[in-house]
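Written out below as C-alpha cells is the structure these notes cover.
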Amino acid sequence: MIIVFADGASSGNPGPGGWGAVIATPDGQIIELGGFENSTTNNQMELTAVIRALEGIGDLSLPVAVHTDSVYVIRGITQWVWSWRNKNWKTAEGGDVANQELWKRLIALVVQRNAQGSSIEWRYVRGHSGIPGNERCDEIAVAYSKRKSPRLYVGSLLSYSVAIHDLPEKFDLPELSTRKTASTPAYSYLSLIGNTPTRHKTWAECERRVKGQSGAKFKKAMTPQEEQQILEAWGYSLKDLPTE
C-alpha cells in the first residue's frame with residue numbers, strides 16, 4: 001500500500017497559503033511535495049495537497065491510504081460530492097458549492113484510480129497530535145504559506161528522518177453531530193464577521209459580537225470535533241482562530 005499524508009495552511013482566509021504532502025511507496029521510496037498560492041483558503045490548500053499527492057503517485061497501480069486532518073476533505077469526497085454533482089453543483093440550500101474545480105479534479109483522480117483497480121482508503125488523523133507524517137506536512141504547508149521554501153526530501157526511506165509509518169491505531173472520523181440537551185453545556189460559541197472567525201465562551205459574548213452585523217454567522221459547538229467541523233464548513237480551520 002502507498003502511504004500518503006497531506007495538509008494545507010493559509011495565513012488569512014483568503015490569504016497566502018501553502019500545502020504539503022508526503023508519499024511513501026512500498027519499495028521504500030519517499031517523495032515530499034509542496035507549493036504556494038498567493039491568495040487562497042485553508043480548505044483549498046487541504047484539497048490541493050491531496051490532489052497533488054495523488055497526481056504525484058502517477059500510474060502506480062497499488063492501493064493508497066490517504067491521511068489527512070481535514071474532515072472537510074474526507075466527508076466531501078466520500079459523501080457530499082456525489083450529491084453535489086447530481087444537483088449540478090448546488091448545495092442543499094441552493095447555493096453554489098465552494099471549490100468546485102478542485103472537487104471535480106479530485107473526483108477525476110478517484111475515478112481514474114478505481115478504473116485501474118487501485119482503491120483509495122481515506123483516513124482521518126487528528127492534527128497537531130504528534131503523528132510524524134501529519135506534523136511534517138504541516139511544517140511544509142506552513143513554511144510555504146509564509147513564503148519560505150522548505151527543503152523537500154526525495155529518496156530512500158532509510159535516510160528519511162520522519163517516522164512516516166508510525167500511524168495511530170484508529171482513524172475514526174469525528175461524528176457529524178452530537179446529541180444536545182438543555183443541561184449539556186456548550187464547548188464553545190463561534191462567530192464569523194467578514195473574514196474573522198472568533199471563539200466565545202458564552203452565548204452572551206457571541207451575541208454581542210454578531211448583533212446588528214450584516215452577514216454575520218454564529219453557531220454553538222458541543223465538542224472540539226464539532227467546533228472544527230463548523231469552522232471547516234465556513235472555510236476556516238482552528239489555526240484561523242485568534243489566540244486567546
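Ion pairing between a basic and an acidic side chain is recognised when a charged N comes within 4.0 Å of a carboxylate O; R199 and E227 show such pairing.
Residues forming a side chain to side chain contact (heavy atoms under 4.5 Å, CB included) with A143 (at least two apart in sequence, or on another chain): K148, P150. Taking the ring-ring contact (aromatic ring centres under 6.0 Å, His included) definition, one finds that Y187 meets it with nothing, sequence neighbours left out. The side chain to side chain donor-acceptor pair (under 3.5 Å) search around T48 returns none, not counting sequence neighbours. With sequence neighbours excluded, the residues satisfying side chain to side chain donor-acceptor pair (under 3.5 Å) with S191 are H200, R209. Partners of T68 by side chain to side chain donor-acceptor pair (under 3.5 Å), not counting sequence neighbours: none found. Considering only residues two or more places apart in sequence or on other chains, R123 meets the side chain to side chain donor-acceptor pair (under 3.5 Å) condition with H67, E121.
Using modelled atom types, one finds a donor on one side chain and an acceptor on the other under 3.5 Å when comparing Q44 with T40.
Residues in residues 95-111 take part in these salt bridge (Lys or Arg N to Asp or Glu O under 4.0 Å) pairs, two or more places apart or across chains: E55-R105, K90-D96, E101-K104. Residue pairs meeting the ring pair (Phe, Tyr, Trp, His ring centres under 6.0 Å) criterion with at least one member in residues 102-132, sequence neighbours excluded: Y72-W103, W84-W103. Pairs engaging residues 14-43 under the salt bridge (Lys or Arg N to Asp or Glu O under 4.0 Å) rule: E32-R136 [sequence neighbours left out]. Judged as a salt bridge (Lys or Arg N to Asp or Glu O under 4.0 Å), not a single pair has a partner in residues 157-174 (not counting sequence neighbours).
Cluster partners of I140, using a side-chain heavy-atom cutoff of under 4.5 Å among ILVMFWY residues and allowing indirect links, are F36, Y144, L152. The other members of the hydrophobic cluster of W203, by chain and number, are Y189, V210, F218 (side-chain heavy atoms under 4.5 Å, ILVMFWY only).
A 6.0 Å sphere centred on CG of D59 holds no more than 12 heavy atoms belonging to other residues, nucleotides or ligands.
Using a 4.5 Å cut-off on side-chain heavy atoms (C-beta onward), V64 and S118 make no contact.
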